[in-house]
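Below, chain A is the first sequence line, B the second, and so on; all start at residue 1.
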2 protein chains.
Amino acid sequence: MSKPPLPHSEKTRAALIAAGLHLFSQLGYAGASTRAIAGRAETNVASIAYHFGSKEGLRTACAEEVARLIGEAVGQAGPQPVGPSQARAAIKSTLTRVAGFLLGDVAPPDAIGFMLRELSEGGPAADLVYARMIEPTHQRLCVLWAVATGLAEESEQVRLAVFALMGQLFYFRIAERIVRRRMRWQAYGPGEISKIIDTLTRGIESALAGG
Amino acid sequence: MSKPPLPHSEKTRAALIAAGLHLFSQLGYAGASTRAIAGRAETNVASIAYHFGSKEGLRTACAEEVARLIGEAVGQAGPQPVGPSQARAAIKSTLTRVAGFLLGDVAPPDAIGFMLRELSEGGPAADLVYARMIEPTHQRLCVLWAVATGLAEESEQVRLAVFALMGQLFYFRIAERIVRRRMRWQAYGPGEISKIIDTLTRGIESALAGG
DNA sequence: AACAATTCTTCAAACGACTGTTTGAAAAGC
DNA sequence: GCTTTTCAAACAGTCGTTTGAAGAATTGTT
């Protein structure tokens with residue numbers, strides 16, 4: 001697992017992407033200046049144009065990095081469920097996995113922040129995130145939800161219920177500041193995350209039992 | 001209901017706030033230039049400094065306008081519920097009211113967009129929105145939820161459940177683009193909104209019945 | 001192994017365009 | 001005649017990008 005010694009140019013590339021993820025997510029695309037990014041990466045402004053062609057090119061490179069992380073974290077699908085109880089278990093494990101990615105430290109916080117900002121700005125990474133994370137996860141959960149409830153997989157009811165489910169998870173990340181303030185939590189630690197997952201799991205069980 | 005004829009200076013003020021709400025919500029604070037805002041308001045750039053002192057002053061004025069709209073839409077609390085079934089009904093009506101505000105055309109879309117962006121950027125309007133909308137609504141729903149379930153009002157379980165509930169609503173707005181794409185909806189019309197409310201209502205009923 | 005030729009990478013400096021803000025004069029309202 | 005409001009123009013500063021030279025790394029030839 002020892003990382004091969006990167007050529008110095010690759011170090012600069014990686015540092016620029018890391019700085020881009022951080023500052024884009026903190027200040028937005030327009031708010032993060034190339035000089036600030038280069039400064040955080042401890043290199044010259046011109047390096048951005050050299051390595052990525054332009055600021056927009058760096059944005060795309062950041063998006064690809066995030067897409068790569070998403071692929072690692074939520075890519076592999078589980079086995080096809082054969083019955084409602086298996087489907088129920090699969091829903092919970094998918095939820096836990098996505099929660100770990102969105103709320104925990106599976107992925108660098110800057111990467112999640114960048115992703116959410118691109119989604120809300122409709123930036124070029126939005127399509128990538130949609131295609132690689134949202135759409136597949138949603139589709140898979142729809143299948144599981146349909147098996148667990150007996151409803152039709154492509155019915156509006158199922159698709160909306162799954163959105164409501166995923167929405168809770170996204171919200172706990174998007175509104176982290178608000179939640180932490182109201183809950184008087186200093187951070188999302190493992191304990192807090194499992195409390196959130198418990199809450200969501202309770203909701204799922206009720207929904208599956210009742211509907 | 002006829003609006004008193006505004007002095008011309010008030011028209012400029014209002015036009016600048018409207019343009020600010022629109023462009024801040026579309027491009028973010030940093031991305032919206034004073035010239036673009038003045039152009040959309042069909043006035044001169046210097047008007048911003050004249051009426052609001054600075055660009056930041058316009059941002060604050062926009063925040064106050066949004067706070068005013070929120071106060072109108074979700075301000076008045078209903079009567080104190082005396083039993084679980086009344087609490088249940090009150091939860092649903094609160095949900096419907098907030099849904100109308102967040103998803104429908106009760107408030108100008110630009111105002112909602114501005115609000116969400118300020119929340120995610122942690123801008124100066126974030127505290128205002130939190131204090132006037134999130135905190136009171138959350139607190140009220142916690143009371144109702146506690147009455148409906150018999151749980152303690154200030155328990156973590158109740159507060160998290162209410163966050164999960166509100167989160168679904170916020171998410172359907174934040175991720176409108178994504179939802180519309182996956183649902184193949186062209187817009188959030190009255191029909192679509194009531195389908196969303198139905199989904200959330202079903203979830204609430206299950207949760208209250210099961211938990 | 002040693003040296004020169006060549007490519008790849010970094011850098012300070014400068015480019016024009018655009019940023020938020022200020023100015024003083026013209027226009028409008030009273 | 002006076003105050004309030006608008007406007008074109010200019011301000012200093014920052015923006016993303018380009019430039020050409022200097023530095024570092026690699027290659028090819030001895």
- Tell me whether the OP1 or OP2 atom of dC7(D) has a side-chain N or O from Thr43(B) closer than 4.0 Å. yes

- Task: Report yes or no: is the cationic atom of Lys55(B) (NZ for Lys, CZ for Arg) closer than 6.0 Å to the six-membered ring centre of Phe24(B), at no more than 45° off its axis?
- Result: no

- Query: Is Thr12(B) near enough to dT6(D) that one of its side-chain N or O atoms lies under 4.0 angstrom from OP1 or OP2?
  - Reply: yes

- Between Lys55(B) and Ser47(A), just flag the one whose closest nucleotide in DNA chain C comes earlier from the 5' side. Ser47(A)

- Task: Report yes or no: is the cationic atom of Arg181(A) (NZ for Lys, CZ for Arg) under 6.0 Å from the centre of the six-membered ring of Tyr130(B), at an angle within 45° of the ring normal?
- Result: yes

- Message: Considering every strand and a 4.0 Å limit on heavy-atom distances, what is the contact class for Ala32(A): base, sugar-phosphate, or nothing?
- Response: sugar-phosphate

- Item | Rounded distance in Å - CD (Glu42(B)) to C1' (dC7(D)) | 15 Å

- Query: Which of the following nucleotides, dT22(C), dC15(D), dT18(D), is nearest to the side chain of Ala46(B)?
  - Reply: dT22(C)

- Query: Nearest to the side chain of Tyr50(A) - dT10(C), dC11(C), dG20(C)?
  - Reply: dT10(C)

- Task: For Phe101(A) and Leu69(A), work out which heavy atoms get closest and say how close.
- Result: CE1-O, 4.2 Å

- Task: Please state whether the phosphate of dC15(D), meaning OP1 or OP2, lies under 4.0 angstrom from any side-chain nitrogen or oxygen of Ser33(A).
- Result: yes

- Does His51(B) have a side-chain nitrogen or oxygen under 4.0 Å from the phosphate oxygens OP1 or OP2 of dT6(D)? yes

- Query: In whole angstrom, what separates Ile37(B)'s CD1 from dT6(D)'s P?
  - Reply: 16 Å

- Heavy-atom closest pair, residues Arg173(B) and Pro109(B): NH2-O, 3.7 Å

- Thr34(B) side-chain proximity, nearest of dA12(C), dT22(C), dG20(C): dG20(C)

